[in-house]
Structures are given as structure tokens and as C-alpha cells.
Visitor: 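Let me begin by handing over the structure; questions about it come next.
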Amino acid sequence: MNLKSLTSVAAIAAIGFASCQSETKKASSGDSLTKDSVAVVKLVADSFKKEIDGKQTALYTLKNKNNAEAIFTNYGGRLVSLLIPNKAGKLVDVVVGFKSVNDYEKSTEPYFGATIGRYGNRIAKGKFTLEGKTYSLFTNNGQNTLHGGKKGYQYVVWDAKQVNDHTLELHYLSKDGDENFPGNLDVKVTYTLTDDNELKMDYEAKTDKATPVNLTNHAFFNLNGDGSGEILNHEVQIFADEYTPVDSTLIPSGKIEKVAGTPFDFTKSTTIGARVNDKNEQLTFGKGYDHNYVLNKTKAMNMFHAATVKGDKSGIVMDIYTQEPGLQFYSGNFMQSKNTFKSGAKDDFRTAFAMETQHFPDSPNQPSFPSTILKPGQVYKTSSIYKFSN
């Protein structure tokens, strides 16, 4: 946080509780502190204007009748901010992120809020064989390829069209050979903020050659607010009786195992921190939770109910619904205090979590997993919803 921001926050804090009450209506513009949540930071549109790879970046704001806001940049198709009312009616920014496009460019963590592709999660040793041909991808996660490779979709400038106050359409043509993936992949992602405080994500893609596709969004959440500290007391329920155990490089073994009797059992609501430090080989491999859950297909919202998460301080509840078979739960284990969030706080260890709706990791090399191969003439189409209540 710069000197000007520090001075502003200090001045506001000195005014006291009565003044906070009088400023309640300004919460959405980020100028107030509340008793039970951190300040919401007002983003400056000019800080997101830049030419990258010959294309213009910008900031886009979606709003609903509840004063909720979802703010995106087309650099990486990123969700920058998500303002949701807490149990006291104050707006809380439940997505951690940065104050400028420059901060996203230089971040040591490349995936904050990004639309992920062409293949979300890991592909073993950066290789897969398709229709008799072996493809070698750039390895950017040890010996493996993660989230699309060296220049995944988090680094591209998407073509953006704000349809109305509720809806943003993003488009990207990933050309044949992009990161060594086959086929021209035409991708459209539609983000919608509904009046029911739902952030809906609709993905669509077509190809002219058979190719693996696994699209998702990599928002990092803290339901107590950006900069509010650790997420270990968030309560989590995941509607999955099984998960896919991994090796030391976080590649699935191919087995599907029961969560019962393990620290991975979130079939009943449990805090993230309850067992994250248990002595367990899988937790050691992931430095915590960084695993794919096999959803048990509990039906809700005409989708699968994937998970429910509750912020212990804010009272905000996030329900995740999806058409995907898996959910990658990541407990912020690789956050290293190297970047500064828009709140002024560092991205400290386990101060945010991710829950990515997707197909299973390394599916192109795992014949027993649901297929991720998209062929010419087919349409990749999938939707997920993050619904907020209190």
C-alpha cells in the first residue's frame, strides 16, 4: 500500500465506530471500515489500462440490485474483486487480488482470479498422446505442465464485451500450436452476476483438431475479506466421498480412494485448519490441501452441488454448483508473502483458498478418468455457479 493509501486508512480508522456507521452507504466505493470486516478498496479504472501484446486492457464492473459487484480485467480474464454483503449488511471483498494490471503482470503467483486454459491443473511430464501423436508441452511446475503452460490464458488479453450491467463476455482464439496444444480453439467465457448474488460462469469452446480442454476460473477466496488473515477457520463441506490421491509431484496415481477416515473427509462441515497439519503423506505432498475431489453428484440448481464454505467472521456462505465432475480444493499452501493485495496486506501463507470446478488432473494420460478430449464438430460447454448468502 502506498503512503497516500496508508494515510487515508489511518484517518478513517481514527474517526471511530459512530463515523463508520454514518459511512455505511459508501462501503461499496471502498471508503469505510466496519467493525467486523476490513475496508473495501476502491479500484481505479486507469490503473488497469495498458497495452499488452498490442491489445488494450481495461476494468469491467458488474452490479446487481443488492449492491454486489464483480469486477474483472480482460488481462487474463481475471476476477479482481467480488463485493458481497456480510451478515451485518456491509460489503466484503471476498476475492483477493491487486490494485493494478502492473501488479498482476509482476506477481510471483500468476493465477490470482484468472480464467485458466487450455488445460486447468497438471499434465504429467508435459506430455500426452492423442490420435497416435505425442505432444510435448512446456513444463512450468517442476517436471509437469500446470494451467496451460508457460503462457496460459492468465497471461493473454481477452476480447471483452460488457453486454449489460450483469454480464461480461470474454473471447479468445487459442491458435493451433499455442503452448504446443493441437488445434485452433475458439473460447468464449460469459461471467454473469445475478440478482440472487450468484456469479455464474459459462464456458464454451470449439476446435478444428482433437485437443484436451479443461477450462476453469482460479479465484482465490477469503470470505472474511481481502486482507483479513488466515482462512483456517472457514468451515467447508465438499459433496464428495472420494478423491484422487497424487504422487510427490501432485500427479494423480490413477486411483480413486474414499475420503472416509482421512483428513480429506469434508462430507460434514469442518474447518480448513482442523486437520490440514495432520501427519499424512498426501498432505505432505500438497503442503496441505491441493487435491481433486470426485463429486458425488448431489443435485441442486440443476447442477451438482460441489461445496459449501462459510466465513467465520463475515458469516458469508458460498455455495458452489457445477456441471463438472471434479473440484480442486487448494488451501493456499504456496502463498509466500511476496505480493501485496489491494487491501495492503501481503499474500501470506493460507490467507486465501481456491475451489476450481473442473475435470480431473492429468486426464489425457489417465484412461479411467472422464475424458477431456474435444473433437471437431463438438461443442465444449459447461457452467458453474458461486452463490453467496449470509
Side-chain angles (χ1 to χ4, degrees), residues 64 66 68 70 79 82 84 94 115-116 120-121 166-167 188-205 213-219 221 223 234-245 252 255-262 264-272 289 291-311 315-330 353-361 363 366 368-374 378-390:
N64 70 10
N66 308 312
L79 177 60
L82 183 58
I84 299 294
V94 299
T115 300
I116 299 296
N121 220 309
H166 292 274
T167 307
K188 185 175 83 167
V189 184
T190 305
Y191 289 106
T192 305
L193 180 64
T194 75
D195 283 333
D196 292 323
N197 289 348
E198 301 164 349
L199 182 62
K200 192 165 186 280
M201 307 175 179
D202 296 307
Y203 303 89
E204 188 172 323
V213 183
N214 191 25
L215 305 177
T216 190
N217 180 279
H218 207 311
F221 294 97
L223 299 186
H234 280 56
E235 296 178 11
V236 170
Q237 183 176 12
I238 301 176
F239 295 87
D241 304 306
E242 299 171 318
Y243 78 115
T244 52
K255 296 179 181 179
I256 293 177
E257 296 186 357
K258 299 288 186 182
V259 298
T262 77
F264 294 86
D265 188 350
F266 285 92
T267 52
K268 294 181 179 178
S269 186
T270 307
T271 62
I272 294 173
Y289 299 109
H291 294 74
N292 169 66
Y293 282 77
V294 180
L295 299 180
N296 61 21
K297 299 186 179 180
T298 298
K299 289 293 183 69
M301 303 275 291
N302 294 315
M303 295 181 169
F304 303 142
H305 196 173
T308 300
V309 187
K310 182 177 181 179
I316 291 174
V317 176
M318 178 174 71
D319 281 290
I320 302 173
Y321 307 95
T322 187
Q323 295 175 325
E324 291 295 287
L327 180 76
Q328 184 81 9
F329 173 34
Y330 170 59
F353 67 92
M355 287 195 169
E356 305 150 69
T357 55
Q358 57 185 38
H359 269 59
F360 303 171
S363 291
Q366 304 279 356
S368 64
F369 288 177
S371 176
T372 55
I373 303 304
L374 179 68
Q378 298 177 333
V379 178
Y380 174 99
K381 205 166 187 179
T382 186
S383 297
S384 295
I385 293 174
Y386 293 72
K387 181 179 175 65
F388 297 87
S389 58
N390 54 58

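These numbers come from the heavy atoms of this one structure, side chains and all, not from hydrogens, waters or symmetry mates.
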Visitor: Is there a donor-acceptor pair under 3.5 Å between the side chain of His166 and the backbone N or O of Leu193?
Guide: yes
Visitor: Verify, without hydrogens or angle tests, whether Asn214 (side chain) and His359 (backbone) share a donor-acceptor contact under 3.5 angstrom.
Guide: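 Checked: pair present.
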Visitor: Assess the residue pair Tyr321 and His305 against the criterion (side-chain contact (heavy atoms from CB on, under 4.5 Å)); give the C-alpha distance rounded to whole Å, side-chain angles, the decisive distance to 0.1 Å, and a yes or no.
Guide: CA-CA 5 Å; Tyr321 307 95; His305 196 173; 3.6 Å; yes
Visitor: To the nearest 0.5 Å, what is the distance between CG on Asn390 and NZ on Lys310?
Guide: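 One finds 9.5 Å between CG of Asn390 and NZ of Lys310.
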Visitor: Ignoring hydrogens and angles, state whether a donor on the side chain of Asn296 or Thr298 is under 3.5 Å from an acceptor on the partner side chain.
Guide: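 Yes - a donor-acceptor pair under 3.5 Å links their side chains.
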Visitor: Would you check if the side chain of Gln328 reaches a backbone N or O of Asn292 as a donor-acceptor pair within less than 3.5 Å?
Guide: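 Confirmed, Gln328 side chain pairs with Asn292 backbone.
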Visitor: Do Tyr386 and Thr357 pass the side-chain contact (heavy atoms from CB on, under 4.5 Å) test, and can you show the C-alpha distance, the side-chain angles, and the key distance before you say yes or no?
Guide: CA-CA 10 Å; Tyr386 293 72; Thr357 55; 4.0 Å; yes
Visitor: Classify the side-chain pair Tyr191/Asn217 by whether it contains a donor and acceptor separated by less than 3.5 Å.
Guide: yes
Visitor: For the side chain of Thr192 and the backbone of Thr194, is there at least one donor-acceptor N/O pair under 3.5 Å apart?
Guide: no
Visitor: Could you tell me whether a side-chain N or O of Glu235 sits under 3.5 Å from a main-chain N or O of Thr270, the two making a donor and an acceptor?
Guide: no
Visitor: Is it the case that the side chain of His291 and the backbone of Tyr243 share a donor-acceptor pair, with hydrogens and angles ignored and the cut-off at 3.5 Å?
Guide: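 No, because the side chain of His291 does not come within donor-acceptor range (under 3.5 Å) of the backbone of Tyr243.
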Visitor: Is a donor from one side chain sitting under 3.5 angstrom from an acceptor on the other, for Thr372 and Ser363?
Guide: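 Result is no, nothing qualifies.
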Visitor: To the nearest 0.5 Å, what is the distance between CD (Glu198) and OG (Ser384)?
Guide: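 Glu198 atom CD to Ser384 atom OG measures 12.5 Å (nearest 0.5 Å).
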Visitor: Yes or no on side-chain contact (heavy atoms from CB on, under 4.5 Å) for Leu327 and Thr322, after CA distance, side-chain angles and deciding distance?
Guide: CA-CA 9 Å; Leu327 180 76; Thr322 187; over 6 Å; no
Visitor: Examine distances only and state if a side-chain atom of Tyr293 and a backbone atom of Phe264 form a donor-acceptor pair shorter than 3.5 Å.
Guide: yes
Visitor: Please tell me whether Tyr289 and Phe353 form a close aromatic pair, meaning their ring centres lie under 6.0 Å apart.
Guide: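 No, ring centres 6.0 Å or more apart.
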Visitor: First locate atom CZ of Phe266, then atom CD1 of Ile238, and finally report the distance between them rounded to the nearest 0.5 Å.
Guide: 6.0 Å
Visitor: For Ser383, does its backbone N or O pair with a side-chain atom of Gln323 as donor and acceptor, under 3.5 Å?
Guide: yes
Visitor: Any side-chain to backbone donor/acceptor pair from Asn66 onto Asp195? Under 3.5 Å, distance only.
Guide: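 Between the backbone of Asp195 and the side chain of Asn66 there is a qualifying donor-acceptor contact (under 3.5 Å).
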Visitor: Go through Leu215 and Tyr380 one step at a time and tell me if the side-chain contact (heavy atoms from CB on, under 4.5 Å) criterion holds.
Guide: CA-CA 10 Å; Leu215 305 177; Tyr380 174 99; 3.7 Å; yes
Visitor: Taking the side chain from Gln366 and the backbone from Pro252, do they hold a donor-acceptor pair closer than 3.5 Å?
Guide: yes
Visitor: Report, as yes or no, whether the 6.0 Å neighbourhood of atom NZ on Lys387 holds more than 12 heavy atoms from other residues, nucleotides or ligands.
Guide: yes
